[in-house]
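The next block holds one structure in the form of structure tokens; read it before the comments.
Sequence lines set the chain letters: A, B, ... in the order given, protein chains first and strands last, and positions in each chain run from 1.
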Number of protein chains: 2
Amino acid sequence: MTEDKVKKIKMTPQRAAILKYLDGNTSHPSAETIFEAVRKKYPMISFTTVYNTLQTLKDLDRVRELNIDDERKRYDPNVNIHHHLICTNCRKIVDIRMDFPLNVPDEKAQGYMISGRHVEFYGLCPKCRNKKKNNY
Amino acid sequence: MTEDKVKKIKMTPQRAAILKYLDGNTSHPSAETIFEAVRKKYPMISFTTVYNTLQTLKDLDRVRELNIDDERKRYDPNVNIHHHLICTNCRKIVDIRMDFPLNVPDEKAQGYMISGRHVEFYGLCPKCRNKKKNNY
DNA sequence: CCGTTAATATGTAATTATTACAATATAATA
DNA sequence: TATTATATTGTAATAATTACATATTAACGG
């Protein structure tokens, strides 16, 4: 019954390269960033393979897709609960590892069965704060 | 100094129609939904005008752009702080009007100047809960 | 009330991210 | 080592959004 998702995937050099790039990566890369990075080591990899692999990893809960950047999806190999802080200027995303009390009482849940939560913070990253300052 | 953004915009029938549709609207429509709705009353409106107007309203802080749906941007005329609950199946979004203690101590903010916050909850809406049930 | 003009609307084309698909290649297994 | 299900590749298709040039019009002053 407790169908542990131990589904195994075929290991290919492409997947290995993507996994290696993602392992411990806290930069929340986009598919394109991943593609460019992996391509340096593995020049023949295709963009489609990156997307396919990310989809597979998502299905296996080995990667989390973030919709925090309005221009592109970002990917996070850290699938443990944590939150994010995004720069409104350069879109750099960093982790916020804190627990917030986020209980929603039934009468506020409007019949939804809540299964996940995510806190997004917006602001200027240190670099962009300085840039703005120097503009004056 | 306290540059109150009272910038006035030229009122056109198109903008009036969009504003009327958005006023008090809690359905978090996409640009396309807005376009289709407004088109019923105002058939000659163009999609570009909808996008332009949304951009203008965003700049004036009269509308908030939501990146909660991974397929398209959503728009919310309620610019007061509130949070959202999205159905992972049909993407219906409802408001959660609750205050959460979301203070981030400086040592966790990593140099960012935090100016905004948003809590997203994920789950199945009542309709989708029932659908799933009936599949078994 | 009318003329002027800066702002806006429109339609089309371009861009960007992502997905679909068909043909080829290959990891895993027996 | 042969088999085969699965993955990779390249290209083409989609979908959302943006850019841009042209035509239109709201708002203001006279």
Nucleotide by nucleotide, nucleotides 22-30 of chain C touches protein heavy atoms under 4.0 Å in the pattern (B base, S sugar-phosphate only, - none) ----BBSS-
Applying side-chain hydrogen bond (donor to acceptor under 3.5 Å, both in side chains), can you list everything that pairs with A:Asp69, at least two apart in sequence or on another chain? A:Arg74, A:Arg91
Would A:Ile45 and A:Leu19 show up in the same hydrophobic cluster when neighbours are defined by side-chain heavy atoms closer than 4.5 Å? yes
For the helix from C:dC1-D:dG30 to C:dA30-D:dT1, how many degrees between its two end axes (five pairs per end), to the nearest 10°? 40°
Any side-chain N or O of A:Tyr51 less than 4.0 Å from the OP1 or OP2 oxygen of C:dT18? yes
On the nucleotide D:dT8, are OP1 or OP2 found under 4.0 Å from the side-chain N or O atoms that A:Arg15 carries? yes
Take atom [atom1] of [X] and atom [atom2] of [N], then tell me their distance rounded to the nearest Å.
| X | N | atom1 | atom2 | value |
| --- | --- | --- | --- | --- |
| B:Phe47 | D:dT17 | CZ | C1' | 9 Å |
| A:Arg72 | C:dA17 | CZ | P | 5 Å |
| B:Leu19 | C:dA9 | CG | C1' | 15 Å |
| A:Tyr42 | D:dT9 | OH | C1' | 11 Å |
| A:Ile45 | D:dA7 | CD1 | P | 14 Å |
| A:Arg91 | C:dA17 | CZ | C1' | 13 Å |
| B:Leu57 | C:dT8 | CG | C1' | 13 Å |
| A:Leu66 | C:dT18 | CG | P | 12 Å |

From B:Leu54 atom CG to B:Arg15 atom CZ, the distance as rounded to the nearest 0.5 Å: 10.5 Å
If I take atom CZ from residue A:Phe35 and atom OH from residue A:Tyr51, how far apart are they, to the nearest 0.5 angstrom? 10.5 Å
Among the nucleotides D:dA16, D:dT8, C:dT19, which one has an atom lying closest to any side-chain atom of A:Asn52? D:dT8
For the side chain of B:Gln14, counting heavy atoms from C-beta on, which of C:dA9, D:dA19, D:dT9 is nearest? C:dA9
Of A:Glu32 and B:Thr49, whose closest DNA chain C nucleotide lies nearer the 5' terminus? B:Thr49
Hey, which sits more toward the 5' end of DNA chain D by its nearest nucleotide, B:Tyr75 or A:Thr56? A:Thr56
Base, sugar-phosphate or nothing for A:Gln55? Non-hydrogen atoms, less than 4.0 Å. nothing
Where A:Ala37 and A:Tyr21 come nearest, the two heavy atoms and their spacing: CB-CE1, 3.4 Å
Quick check on ring-ring contact (aromatic ring centres under 6.0 Å, His included): which of A:His118, A:His82, A:His83 does A:Phe100 satisfy it with? A:His83
Is the number of heavy atoms from other residues, nucleotides or ligands within 6.0 Å of CZ (B:Arg62) greater than 12? no
Determine, step by step, whether A:Thr33 and A:Ser30 satisfy the side-chain hydrogen bond (donor to acceptor under 3.5 Å, both in side chains) criterion, reporting the C-alpha distance in whole Å, the side-chain angles of both residues, the deciding distance to 0.1 Å, and the verdict. CA-CA 5 Å; A:Thr33 304; A:Ser30 65; 2.9 Å; yes
A:Asp70: which of B:Arg72, B:Lys73, B:Lys58, B:Arg64 passes salt bridge (Lys or Arg N to Asp or Glu O under 4.0 Å): B:Lys73
Heavy-atom check, side chain of B:Glu32 versus side chain of B:Phe47, under 4.5 Å: yes
